[in-house]
Amino acid sequence: MSVANAWLLPLGGKHWAAVGAHQMVHLVYEPQLTPIPLTPPHCSHALILEGHILPVWDIAVWLGAALPGRATHLAAVVAYAGSDGRQLGAIQLVGPPVRATVSDDAACPLPETPARWRSIAISCFRHGDQVVPVVDVAHMFSDACAARRVP
Amino acid sequence: MDRYDAPPTSGDLAFSLLTLGGLRLAVPQADIDTLEPAADIDPASPPPNGIGWIRLGRQRWPVFCLNGELRPRYERPADHGTCAVLNAGGHAIALLCTDVSLLHLPAAGLAPLPPAMALPGRPIRGLAQMDGAVLCLSSARDLAEYVKTMIYETH
């Protein structure tokens with residue numbers, strides 16, 4: 001049986017998501033988010049980190065569990081392999097991430113609702129009484145989700 | 001030294017910074033034909049989603065007032081005193097702005113709009129940093145195309 005380390009990200013609206021432990025590289029407190037006009041509601045802000053401009057995803061908005069443009073006090077910076085090499089993006093959180101060790105036998109099906117998990121999650125596991133989808137960060141920060149409307 | 005006083009360094013690109021309802025939008029300086037006072041706007045029979053016309057020589061060009069979300073406004077705010085006439089290659093549009101200033105940005109600091117943020121037909125094509133804040137980048141051509149689309153979407 002194999003195990004993996006992950007960060008559990010509290011998103012709001014009782015939803016959690018997971019990324020690999022190596023994927024989360026930074027945590028930004030009180031991020032200064034700039035709204036960018038005419039962008040998707042779930043990815044409508046950018047922040048600056050160490051000279052880089054990062055897009056900011058709000059997964060709760062994507063799921064229909066929060067309204068666009070809500071205030072945030074914490075953002076997780078994640079790294080992924082983009083077309084131009086290592087890229088960074090940010091995910092809005094409602095609280096600090098939780099480190100967890102996940103074993104194979106914790107795997108479970110993705111939740112049926114919200115259905116939009118299926119667009120961004122690659123697997124799912126149980127952690128206590130929580131069902132936690134593992135999100136595909138590279139897919140989220142590609143153009144794949146940009147044009148899809150929030151339900 | 002204030003950035004507006006310092007000469008541009010090698011590798012800097014020249015932009016005009018348009019302030020539109022709180023949004024700071026930079027376009028290549030070469031895309032700006034002229035700046036005209038808002039008092040010269042003819043409000044009679046405005047174009048769809050526009051607020052009037054500005055006459056340059058024998059031609060007149062549509063004037064638009066966009067808010068911070070780049071949506072049309074139909075009144076002329078008192079603090080919008082400058083009309084930036086943008087040359088979109090053969091035709092022009094004018095944007096009513098709070099302020100227009102010159103800006104030099106290092107080419108290395110410009111970034112394309114991240115793919116996750118890009119929607120078709122939208123005029124923001126890139127992002128840049130200034131004084132620790134994010135600026136939006138566009139061009140006369142992209143704004144003219146967007147305004148045309150904006151017209152079709154609402155009529």
Side-chain angles (χ1 to χ4, degrees), chain A residues 28 30-59 61-62 68-69 75 77-92 119-120 135-150, chain B residues 17-27 49 64-73 95 97 105-139 142-150 153-154:
Chain A
V28 182
E30 303 295 340
Q32 298 300 306
L33 303 184
T34 300
I36 308 299
L38 301 174
T39 48
H42 61 272
C43 194
S44 59
H45 290 73
L47 66 79
I48 297 174
L49 179 69
E50 296 175 0
H52 298 284
I53 302 174
L54 274 55
V56 183
W57 247 83
D58 190 330
I59 298 177
V61 170
W62 172 260
V77 178
V78 291
Y80 60 95
S83 55
D84 293 329
R86 185 177 181 265
Q87 304 283 321
L88 297 177
I91 298 174
Q92 285 186 240
S119 304
I120 60 172
V135 291
D136 183 342
V137 172
H139 180 77
M140 282 169 54
F141 287 100
S142 72
D143 61 1
C145 303
R148 296 185 60 181
R149 293 186 180 277
V150 176
Chain B
L17 183 64
L18 314 180
T19 304
L20 306 169
L23 172 69
R24 297 191 301 173
L25 183 67
V27 299
N49 287 321
F64 300 91
C65 184
L66 303 178
N67 65 14
E69 297 175 0
L70 292 179
R71 298 296 187 190
R73 296 179 69 166
L95 295 180
C97 308
L105 294 171
L110 308 182
L113 190 67
M117 304 182 87
L119 290 171
R122 303 314 190 196
I124 307 297
R125 298 297 188 154
L127 302 174
Q129 300 178 51
M130 186 177 81
D131 295 339
V134 177
L135 287 182
C136 296
L137 304 177
S138 186
S139 70
D142 289 322
L143 286 164
E145 196 57 40
Y146 167 65
V147 163
K148 191 165 51 173
T149 305
M150 189 173 73
E153 280 180 354
T154 58

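- Residue Met130(B) holds its CE atom at 10.5 Å from CD1 of Ile48(A), rounded to the nearest 0.5 Å.
- By the side-chain contact (heavy atoms from CB on, under 4.5 Å) test, Glu145(B) pairs with Lys148(B), sequence neighbours left out.
- Here the shortest heavy-atom pairing between Ala146(A) and Ala118(B) reads CB-O, 3.4 Å.
- Judged by distance alone, with hydrogens and angles left aside, the side-chain atoms of Gln129(B) form a donor-acceptor pair with the main-chain N or O of Gly51(A) at under 3.5 Å.
- For chain B, the nearby part of Thr34(A) is the side chain; its heavy atoms alone come within less than 4.5 Å.
- For the pair Leu119(B) and Pro40(A), the tightest heavy-atom approach, listed with the atom from each and the gap, is CD1-N, 3.8 Å.
- The CH2 atom of Trp57(A) lies 12.0 Å from the CE atom of Met117(B); values are rounded to the nearest 0.5 Å.
- Remark: Asp143(A) engages Pro115(B) in a side-chain contact (heavy atoms from CB on, under 4.5 Å) (not counting sequence neighbours).
- In this structure, Ala46(A) and Leu127(B) approach most closely via the heavy-atom pair CB-CD1, 4.2 Å.
- Looking at every heavy atom in both residues, Gly68(B) comes nearest to Pro37(A) through O-CG, 3.6 Å.
- Two residues are said to be in side-chain contact when any heavy atoms from C-beta on lie closer than 4.5 Å; Val134(B) and Leu33(A) fail this criterion.
- The residue among Leu38(A), Val56(A), Leu54(A), Thr39(A) with the most heavy atom pairs within less than 4.5 Å of chain B is Leu38(A).
- Residue Leu25(B): no heavy atom, backbone or side chain, is found under 4.5 Å from chain A.
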